[in-house]
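Let me begin by presenting the structure, written as structure tokens, before commenting on it.
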Number of protein chains: 2
Amino acid sequence: MKIRTMGSATNKGILSWFYISRTYHIQLKRYSQFLKTWSLTPSQYEVLVNIRESGRMSQKELAEKMFLTKGNITQLIIKMENEGYISREQEWKTKYIRLTEKGNQLLDRIRPEQVNYFSQQFQGLTKKEQKRLIKLLKKVNETQINQDNE
Amino acid sequence: MKIRTMGSATNKGILSWFYISRTYHIQLKRYSQFLKTWSLTPSQYEVLVNIRESGRMSQKELAEKMFLTKGNITQLIIKMENEGYISREQEWKTKYIRLTEKGNQLLDRIRPEQVNYFSQQFQGLTKKEQKRLIKLLKKVNETQINQDNE
DNA sequence: CGTTGTTAATTGAGTACTAAATTGATAGCA
DNA sequence: TGCTATCAATTTAGTACTCAATTAACAACG
């Protein structure tokens, strides 16, 4: 597949962004399809993973970790609470979220297949290349230029 | 899908995806902010770039190139036509799009600043590292596993 | 002609998100 | 005991997208 989408005055920065964005879109589309087996979206699955990691966390923390707005998290969480995957308990003005038994079981079922899924998707790269890719992306993220937030 | 019990945490694949996704989200947020100066979204800007490259293209071609649905393109295009950036002419059952003078001028104004913007965003990587990153991502995209589409 | 098939574009209903205003819980002070 | 300030969560209105069904423009064939 020859790709020549960027025009003449191309610089490496733009090209880097172009390929990050392209890879993301292609992978996201497939990944969504993959998760449909369990009627989950990538965001919903990410919620499960994040909560398990922390054991228990506030909605605000989750929003920050996932780079989503608090409003978005509220909606997402309510849906998943209705489906019985997570539970909430208020403490002070904060609502803490944790996985229910059902949520834990779901995650346990999906996790091994997900590991397998991604190792297939990235099989074009050797382990060493994957390591290099990760390192480079990490470096991009670390070098964030100072900007106003909120 | 073949299910192969994985040994320990051979989840470099997942980690690769995690960092691609994370980098994408962080950058997208900033980039959207950047493009607000001209009241454009990343998709709208991408439309301008793609049309200029081809000179003239059908909506279907554009949809495929941008990994969006035809429906989405229709909506996007109508908005940009109303704002005077692009024009359409029907020929047979196909509608061909091209940039108007106004669209060309807008692109000319934004382009140099965009080049500058991204070279700043990726300044954490040397030219050589950026080249390597691009090469790795290209490789990921090229090694797409065959899957059903539509 | 008129009917059928093909395929690009459009429409419409639904999902996932954002931004900004509002609500709710509580601390701390008069 | 209220009054105000703070800050997490929620609500609301709007944007960007998807998927599936429909419409529109033609070709081709009887």
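- Residue A:Thr74 is classed as a base contact, given a heavy-atom separation below 4.0 Å to a base.
- Annotation: A:Phe122 is not in aromatic contact with B:Trp17 [ring centroid separation under 6.0 Å not met].
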Quiz prompt | side-chain hydrogen bond (donor to acceptor under 3.5 Å, both in side chains) between A:Arg30 and A:Gln27, worked out | solution = CA-CA 5 Å; A:Arg30 298 230 177 116; A:Gln27 291 296 331; 5.2 Å; no
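- Contact annotation for B:Thr94: backbone-only contact, meaning every heavy-atom pair under 4.0 Å involves sugar-phosphate atoms and none involves a base.
- Using the six-membered ring where Trp is involved, B:Tyr117 and B:Tyr31 have ring planes that are parallel, under 30° apart on the 30 and 60° scheme.
- In terms of modelled atom types and a separation under 3.5 Å, the side chain of B:Ser54 and the main chain of B:Met57 share no donor-acceptor contact.
- The residues B:Lys65 and B:Glu46 are annotated as not salt-bridged, no charged nitrogen and carboxylate oxygen being separated by less than 4.0 angstrom.
- Toward the 5' end of DNA chain D, the nearer of the two residues B:Gln44 and A:Lys36, judged by each one's closest nucleotide, is B:Gln44.
- Looking only at side-chain heavy atoms (C-beta outward), B:Val47 and B:Tyr85 stay at 4.5 Å or farther from each other.
- A single hydrophobic cluster is not seen to contain both B:Leu99 and B:Ile78; linkage of ILVMFWY side chains at heavy-atom distances under 4.5 Å, directly or through other members, places them apart.
- With axes fitted over five pairs at each extremity, the angle between the ends of the helix from C:dC1-D:dG30 to C:dA30-D:dT1 is 30° (10° resolution).
- Taking both residues in full, the closest heavy atoms of A:Leu48 and A:Met80 are given as CD2-CE, 3.6 Å, listed atom of the first, atom of the second, then distance.
- The span of DNA chain D lying next to chain A, judged by atoms under 4.0 Å from heavy atoms, is bounded 5' to 3' by D:dT6 to D:dT12.
- Within 4.0 Å of A:Tyr96, counting heavy atoms only, lies no atom of the nucleic acid at all.
- Comment: B:Lys12 does not engage A:Glu129 in a salt bridge, judged by the lack of any side-chain N to carboxylate O separation of less than 4.0 angstrom.
- Counting non-hydrogen atoms under 4.0 angstrom, B:Lys70 reaches a base of the nucleic acid.
- Heavy atoms of A:Gln75 sit under 4.0 angstrom from at least one base atom.
- In 5' to 3' order, the nucleotides of DNA chain C bounding all contacts with chain B (an atom under 4.0 Å from a heavy atom) are C:dT6 to C:dG12.
- Within the 3.5 Å criterion, the main-chain N or O of A:Leu133 finds no donor-acceptor partner in the side chain of A:Lys138.
- Across every non-hydrogen atom of A:Ser58 and A:Tyr96, the tightest pair is N-CD2, 3.8 Å.
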